[in-house]
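Let me begin by presenting the structure, written as structure tokens, before commenting on it.
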Amino acid sequence: MILKDTINQIVESYLKDTDYYLVDIKITPDNRITVEIDSFDGVTIEFCAELNRHIESQFDREVEDFELEVSSAGLTEPFKVTKQYEKNRGNEVETLTKTGKKFIGVLSEVSENDFVLQIEKIEKPAGAKRKTIVIEDITFAYEEIKHTKYIIRFK
């Protein structure tokens, strides 16, 4: 069986001098290998094909039989690495906490340990006749998050 660490080393060394970064590697018991990559400028099919050929060239098919798929991280899939949060800074995202609370807002800040969402709330200030929109910044630590996803809006 091909080890995840082996694939990780091959992919990381190939991506080292590029704008691409590794998002995830999955290997099933029957050697189906899935590699997800991303970039701040998007992922081309050509680059996925090049990386696929590079990974395949590192193994002998006579010794190890495997199925390999290299793809970009899905647009609607939850974020898996901090760089995906950085890539989506300024975009609207949905965050679900481990306690089950859902927040939708603009990803405004990203750090190594946490991120900040700007949430719009409708509140009625004391003494006011009408409700107004108030912007609130909420900070989330990565460990308290079940998932965060990019929201696609068609306007």
Side-chain angles (χ1 to χ4, degrees), residues 2-29 32-55 67-126 128-155:
I2 297 174
L3 300 175
K4 189 173 183 176
D5 286 344
T6 305
I7 299 294
N8 189 44
Q9 290 172 357
I10 293 167
V11 172
E12 288 289 359
S13 70
Y14 189 81
L15 299 179
K16 184 175 63 176
D17 295 326
T18 70
D19 294 332
Y20 293 90
Y21 54 89
L22 178 62
V23 173
D24 195 17
I25 296 173
K26 293 177 189 158
I27 302 177
T28 64
R32 289 187 182 161
I33 304 165
T34 305
V35 177
E36 290 182 2
I37 59 173
D38 206 348
S39 157
F40 287 91
D41 299 321
V43 178
T44 65
I45 293 170
E46 292 80 14
F47 190 83
C48 288
E50 289 171 20
L51 178 56
N52 191 310
R53 284 191 293 274
H54 176 73
I55 295 168
E67 182 179 320
L68 176 62
E69 176 185 334
V70 176
S71 65
S72 64
L75 189 59
T76 59
E77 293 296 311
F79 300 163
K80 296 175 184 168
V81 295
T82 308
K83 284 190 177 184
Q84 288 179 294
Y85 285 85
E86 292 170 7
K87 176 183 177 178
N88 285 285
R89 187 180 291 135
N91 292 331
E92 190 174 31
V93 297
E94 171 190 288
T95 295
L96 180 65
T97 66
K98 288 183 178 172
T99 60
K101 292 184 180 178
K102 187 187 288 187
F103 297 88
I104 294 176
V106 175
L107 188 56
S108 62
E109 294 178 38
V110 178
S111 72
E112 194 174 306
N113 302 313
D114 54 30
F115 63 95
V116 177
L117 283 188
Q118 285 186 339
I119 310 286
E120 285 187 1
K121 295 171 102 179
I122 298 176
E123 293 181 354
K124 185 176 178 185
K129 292 184 180 181
R130 296 184 182 190
K131 294 180 181 180
T132 59
I133 296 175
V134 177
I135 305 288
E136 179 183 350
D137 287 348
I138 302 177
T139 302
F140 297 95
Y142 294 115
E143 63 263 4
E144 64 187 18
I145 297 303
K146 192 171 189 175
H147 72 252
T148 299
K149 297 180 187 180
Y150 173 70
I151 295 179
I152 301 172
R153 297 246 192 240
F154 298 100
K155 296 180 182 180

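Index from 1, following the sequence.
- Taking every heavy atom of both residues into account, H147 and P78 meet most closely at CB-CB, 3.7 Å.
- The nearest pair of heavy atoms linking Y142 to S111 is OH-O, 2.9 Å.
- Smallest separation of non-hydrogen atoms from F140 and D114: O-CB, 2.9 Å.
- Ring geometry for Y85 against F79 counts as perpendicular: the plane angle is over 60°, on a 0 to 90° scale with 30° as the lower cut.
- One N or O on the side chain of S108 and one on the backbone of V116 form a donor-acceptor pair closer than 3.5 Å.
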Between Y20 and L51, is a side chain to side chain contact (heavy atoms under 4.5 Å, CB included) present by the stated rule, with each step listed? CA-CA 11 Å; Y20 293 90; L51 178 56; over 6 Å; no
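- Inter-residue side-chain proximity for T82 and E112 is flagged as unmet; no heavy-atom pair is nearer than 4.5 Å.
- Applying the ring pair (Phe, Tyr, Trp, His ring centres under 6.0 Å) criterion to Y150, with sequence neighbours excluded, gives no partner residue.
- Counting all heavy atoms, side chain and backbone alike, K98 lies closest to E143 at NZ-O, 2.7 Å.
- Of all non-hydrogen atoms in D38 and A73, the two that sit nearest each other are OD2-CB, 4.1 Å.
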Begin with the C-alpha distance, continue with both residues' side-chain angles, and end with the deciding distance and a verdict on side chain to side chain contact (heavy atoms under 4.5 Å, CB included) for K101 and L96. CA-CA 6 Å; K101 292 184 180 178; L96 180 65; 6.0 Å; no
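- For I45, the CD1 atom is loosely surrounded, since the number of other residues' heavy atoms within 6.0 Å does not exceed 12.
- The neighbour count for R32 CZ, taken as heavy atoms of other residues, nucleotides or ligands under 6.0 Å away, does not exceed 12.
- Around the CG atom of N91, the shell of radius 6.0 Å holds more than 12 heavy atoms that belong to other residues, nucleotides or ligands.
- Checked against F47 for a side-chain contact (heavy atoms from CB on, under 4.5 Å), the options L15, D19, N52 give a single hit: L15.
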